[in-house]
Structure formats: structure tokens, C-alpha cells
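Inspection log for the structure reproduced underneath, given as C-alpha cells.
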Amino acid sequence: MTFAKSSFYNINRILLLVLGIWPDQKNKCMYVQRLFVWGIFTSFIICQLLLFFTEKYTVSLFFNTLSQSLPIMVCLLKYNAFCSNKKSVKLLLEQIEHDWITLDDRELEIMKQYASTSKLYVVTFISFAVATICIYAFLQLLPAILDFIIPLNISRPRYLYVRFEFSIDEEKHFYAITFYTVVSLFVASATVISIGTSILTFGNHSCAMLKIACYRMEHVMDKYKSLHFVKRNEIQNEMVRAVDIHRKAMEYTNILISTLMLLFFGLLVTGVISLTLNIFHLFYAFFDINSMEEILISTFLICAHFLYMFWANYAFQQIADHFHEIFIAAYAIPWYVAPVRIQKFIIFLLQRGTKNYTMQIGGVFTGSLEGFATLLSTSLSYFTVIYTTR
């Protein structure tokens with residue numbers, strides 16, 4: 001897929017190549033990359049969960065450990081889902097390439113607008129992740145930096161924001177543990193961003209195709225001058241082209257949903273649990289133990305959950321909104337002066353537009369902004385129950 005190397009999709013391609021999950025990647029290095037990513041995720045989760053067996057159990061230990069390990073479990077889930085659906089992802093990318101080849105100049109401009117938006121998402125999320133990790137590394141190393149710049153009689157105390165059980169002296173191997181943590185955060189961020197923005201790119205492509213269908217419908221009457229047979233056929237052909245690309249866009253969306261259904265459902269469940277635990281841990285760290293380090297980590301993780309949930313549901317909402325635009329365009333054109341045969345065709349379109357289009361996950365959740373509000377409400381409800389019964 002040489003087309004995917006274009007400037008609009010190149011950043012996504014590089015991230016997926018680095019992680020070893022680019023669909024066209026077929027070399028021995030890919031297996032080494034995957035083993036490295038799996039090793040980072042599994043070791044992170046295991047070494048955190050081992051704290052339950054080596055340290056005295058406390059409420060702080062329980063929520064601190066789970067609130068940090070669950071997001072990494074989510075990353076591992078996303079990574080495995082993308083690996084197992086390699087063929088379907090390749091099909092989605094090939095469809096993007098095919099659509100770009102078959103469109104005219106004006107329609108390509110619409111595609112470029114949506115592709116530019118996808119690229120902007122990637123750049124924004126990467127910038128946010130890199131800035132956050134750099135801030136974490138700076139705060140983690142701040143005591144050592146101050147000891148070097150403004151030395152005291154004794155070294156300033158060092159605190160690991162992310163705890164592990166390595167069965168080694170944490171003070172002696174402080175820099176090694178910090179390096180491992182930073183590398184793990186970079187791998188996790190790359191996984192979330194590359195897979196998340198790839199799904200957003202697929203969703204944006206669906207929106208672009210639906211927008212093109214709307215554009216075609218708005219211009220079906222442009223050639224209408226007289227009622228002779230040739231012109232009637234041209235109008236009908238233009239309508240068929242608009243409906244056809246609308247149908248292809250919906251088929252593309254259905255492939256995306258069906259391919260990643262298990263991933264979406266798993267993210268739905270683990271995301272709500274993880275957000276609930278992080279909200280509880282934030283309140284516990286603020287009111288009970290007054291730990292600034294844990295407050296900062298919980299705040300960052302909550303913001304990351306909010307951001308991810310919002311953009312995922314916003315993408316679903318955008319597809320649903322674009323779905324109905326072709327029917328609005330069909331109503332807005334001067335259909336009343338068109339031949340009767342074409343009027344009947346437009347009436348059929350308008351009847352189809354009365355049905356709401358929704359994207360359901362597991363038959364229990366509908367992706368939309370309302371769904372985002374539902375997720376937040378559910379997480380807050382679970383938090384309230386846990387906090388009042390602790």
C-alpha cells in the first residue's frame with residue numbers, strides 16, 4: 001500500500017511500523033518488535049500486581065496499583081486486538097486508497113480536508129503525550145537535578161511515582177527503574193495514539209465519503225435544463241452515484257465496527273472500571289493521605305480517560321450526523337420540478353432518512369456524545385457507591 005505513505009497518513013504508518021503492527025509489515029524484525037511490546041506490557045502489569053504479595057495491604061496500595069495497571073491492561077488489549085485483526089485493518093486501508101483514486105478533483109478536496117483533520121489529531125495527541133511524559137520524567141528526576149544544582153548536606157529524598165516489585169534496592173537502582181517506567185509510558189502512549197488515531201482516521205474517512213455523497217446529492221439538479229429524456233437520465237445517474245457512495249461509506253463503517261467490536265466492548269468495560277478507580281484514588285489521595293504525587297498521577301490518568309472517551313464517542317457522533325446529511329440535501333434540492341420518476345426516487349430517500357442511524361457496541365451501548373455522558377455518569381455512580389461504602 002504505497003498510497004498510505006502520503007503526508008496525510010505517514011505519521012500513523014510510522015507509529016504502527018515501530019510497534020510492529022503495520023498490516024504490510026512482513027519481516028523478522030516485526031516479531032522482535034511485538035515481543036518487546038508484549039514484554040513491556042506484561043512485565044509492567046505483573047511487577048505492579050506483585051506488590052499485593054510483598055507489601056502490607058492497604059486501601060491506598062489497592063487503588064494506587066489497580067489505577068495504574070488497568071490502563072496498561074487496556075493498552076495490551078488494544079495491541080492484541082489490532083494484531084489479531086491485521087487482515088481487516090489492511091482491507092480498511094486498501095479501501096481508503098481505492099476511494100482516493102476513483103474521486104474527481106472537487107471530491108478529492110473534501111477528502112483532503114478530512115484527512116488533514118485526522119493528521120491534526122495525530123500531531124495533537126503525540127504532542128500531548130510527549131509533553132506529559134517529559135513532565136513526569138522531570139518531576140521524577142527533580143530531586144536529583146536539585147541536588148546537582150543546589151546541593152545540600154544530605155541528598156533530597158526520592159520518590160517513585162509508579163511503584164513496582166522488582167526485588168531490588170529501589171534507592172540504588174532508582175535511575176534504572178525510572179528509565180524502565182519512561183520507556184513503558186512511551187510504548188503505552190504510542191500504542192494508544194497509533195491505534196486510537198487509526199480508528200479515528202477510518203471514522204473520518206467514512207465521514208468524508210458521506211460528505212461526498214451529500215455533495216453529489218446537492219448538485220444532481222445542476223444539469224437540469226429541460227425535461228427531455230437524456231437530461232432525466234443524467235439526473236437519475238447522478239442520484240444513483242450519490243446513493244452508491246453513501247452505501248459504500250456505510251459498508252465501510254460496518255466493517256470497522258464489526259472488526260473491532262470485541263475491542264470496543266473490552267475498552268468499554270475496562271475503561272469504566274479504570275476511570276472509577278482513578279476517581280476514587282484521586283479523592284482518597286486528596287482527602288485521606290494528602291499525597292501530592294498520587295494526586296498528580298490520578299489527575300493525569302483521569303484526564304487521559306476523559307480525552308479518550310470523548311474523542312471515541314465524538315467520532316461515532318460525527319458518523320451518525322454525516323449519515324443524515326444526504327437526506328437533508330435530497331429534501332433541499334428542487335425535486336418538485338423534476339420528472340415524476342425522479343420524485344419517487346427522492347421520496348424513497350426521504351423515507352429512509354426518517355430512521356435514526358446508530359452504532360451499537362455489544363448491543364448495550366450506542367457510541368455518541370450521549371453515550372459519552374452515560375459513561376461518565378456510570379463511572380461517577382460506581383465511584384459514589386464505593387466511596388460511601390468504604
Problem set entry | Test ring pair (Phe, Tyr, Trp, His ring centres under 6.0 Å) applied to Trp38 and Phe41, step by step | CA-CA 5 Å; Trp38 283 328; Phe41 287 154; 9.7 Å; no
Problem set entry | Exercise: do Asn64 and Gln68 side chains pair donor with acceptor under 3.5 Å | yes
Exercise. Can you find a side-chain donor-acceptor pair between Ser118 and Asn204 that sits under 3.5 Å?
Worked result: yes
Seminar exercise, completed: side-chain contact (heavy atoms from CB on, under 4.5 Å) with Phe44: of Ile72, Val183, Val187, only one passes, and it is Ile72
For this session: Scan residues 260-272 for pairs that pass side-chain hydrogen bond (donor to acceptor under 3.5 Å, both in side chains), counting only residues two or more places apart or in two chains.
Result: none
Problem set entry | Side-chain donor/acceptor of Gln48 to backbone N/O of Leu66, under 3.5 Å | no
For this session: For ring pair (Phe, Tyr, Trp, His ring centres under 6.0 Å), just list the numbers for Phe166 and His173, CA-CA rounded to whole Å, side-chain angles, deciding distance to a tenth of an Å, and then say yes or no.
Result: CA-CA 10 Å; Phe166 288 125; His173 298 88; 9.6 Å; no
Problem set entry | Salt-bridge criterion met for Arg158 and Glu170 (N-O under 4.0 Å) | no
Seminar exercise, completed: Given the options Asn12, Ile14, Leu17, Trp22 meets side-chain contact (heavy atoms from CB on, under 4.5 Å) only with Leu17
Problem set entry | Polar side-chain atom of Thr197 near backbone of Leu200 as donor-acceptor pair, under 3.5 Å | no
Problem set entry | Co-membership, hydrophobic cluster, residues Tyr31 and Tyr79, 4.5 Å side-chain | no
For this session: Determine whether more than 12 heavy atoms belonging to other residues, nucleotides or ligands lie under 6.0 Å from atom CZ of Phe265.
Result: no
Problem set entry | Aromatic ring pairing Phe62/Phe52, orientation class (parallel under 30°, perpendicular over 60°, tilted between) | tilted
Exercise. If Ile, Leu, Val, Met, Phe, Trp and Tyr residues are connected whenever their side-chain heavy atoms lie under 4.5 Å apart, and connections chain through other members, are Ile154 and Ile149 in the same group?
Worked result: no
Problem set entry | Non-hydrogen atoms of Ile110 and Ala208 that approach each other most closely | CG2-O, 4.1 Å
For this session: Supply the atom-to-atom distance Leu70 CG to Asn278 CG, rounded to the nearest 0.5 angstrom.
Result: 8.0 Å
Exercise. Between the side chain of Glu165 and the main-chain N/O of Ser167, is any donor-acceptor distance below 3.5 Å?
Worked result: yes
Exercise. Given Tyr114 and His322, is the ring pair (Phe, Tyr, Trp, His ring centres under 6.0 Å) satisfied, shown in steps?
Worked result: CA-CA 12 Å; Tyr114 283 84; His322 280 70; 5.7 Å; yes
Exercise. Once you round to the nearest 0.5 Å, how far does OG1 of Thr299 lie from CG of Leu282?
Worked result: 4.5 Å
Exercise. Ile101 and Tyr9: same hydrophobic cluster, using ILVMFWY side-chain contacts below 4.5 Å?
Worked result: no
For this session: Under the side chain to side chain contact (heavy atoms under 4.5 Å, CB included) rule, what do Glu107 and Ile245 come out as? Steps first, then yes or no, please.
Result: CA-CA 12 Å; Glu107 293 169 349; Ile245 197 170; 5.5 Å; no
Exercise. Which residues satisfy the side-chain contact (heavy atoms from CB on, under 4.5 Å) test with Ile126, sequence neighbours excluded?
Worked result: Ile11, Leu15, Val122, Val130, Ile193
Problem set entry | Interatomic spacing from OH in Tyr252 to CG in Asp99 - rounded to 0.5 Å | 8.0 Å
For this session: Determine, step by step, whether Ile40 and Tyr180 satisfy the side chain to side chain contact (heavy atoms under 4.5 Å, CB included) criterion, reporting the C-alpha distance in whole Å, the side-chain angles of both residues, the deciding distance to 0.1 Å, and the verdict.
Result: CA-CA 9 Å; Ile40 288 290; Tyr180 168 80; 4.3 Å; yes
Problem set entry | Single-linkage hydrophobic cluster Val182~Val18, side-chain heavy atoms < 4.5 angstrom | no
For this session: Tell me whether Leu141 is reachable from Phe179 by hopping between hydrophobic residues (I, L, V, M, F, W, Y) whose side-chain heavy atoms are closer than 4.5 Å.
Result: yes
Seminar exercise, completed: Residues pairing under side-chain hydrogen bond (donor to acceptor under 3.5 Å, both in side chains) where one sits in residues 181-190, two or more places apart or in two chains, turn out to be none
Exercise. Do other residues, nucleotides or ligands put more than 12 heavy atoms under 6.0 Å from Tyr57 OH?
Worked result: yes
Seminar exercise, completed: Ser67 and Leu301 have their tightest heavy-atom pair at O-CD1, 3.5 Å
Exercise. Counting distance only, does the side-chain N/O of Gln317 pair as donor-acceptor with the main-chain N or O of Leu369 below 3.5 Å?
Worked result: yes
Problem set entry | Pairwise side-chain hydrogen bond (donor to acceptor under 3.5 Å, both in side chains) hits with a residue in residues 130-141, at least two apart | Tyr136-Gln140
I'd like a table of donor-acceptor pairs (distance under 3.5 Å, sequence neighbours excluded) in which one partner is a side-chain atom from residues 375-383, with atom names and distances.
from   : atom 1 : to     : atom 2 : distance (Å)
Thr378 : OG1    : Thr374 : O      : 2.8
Ser379 : OG     : Leu375 : O      : 3.0
Ser381 : OG     : Ser377 : O      : 2.8

Seminar exercise, completed: Of Phe365, Phe264, Phe372, the one forming a side-chain contact (heavy atoms from CB on, under 4.5 Å) with Phe316 is Phe264
For this session: Could I get the full list of side chain to side chain donor-acceptor pair (under 3.5 Å) partners for Tyr121, not counting sequence neighbours?
Result: none
For this session: Look up atom OG1 in Thr253 and atom NZ in Lys248, then write down how far apart they are to the nearest 0.5 Å.
Result: 14.0 Å
Exercise. If you take all heavy atoms of Ile45 and Ser69, which pair is closest and at what distance?
Worked result: CG1-O, 4.3 Å
Exercise. Between the side chains of Ser274 and His305, is a donor N or O closer than 3.5 angstrom to an acceptor N or O?
Worked result: yes
For this session: Please name the pair of heavy atoms, one in Pro23 and one in Val89, separated by the smallest distance, quoted to 0.1 Å.
Result: CG-CG1, 3.7 Å
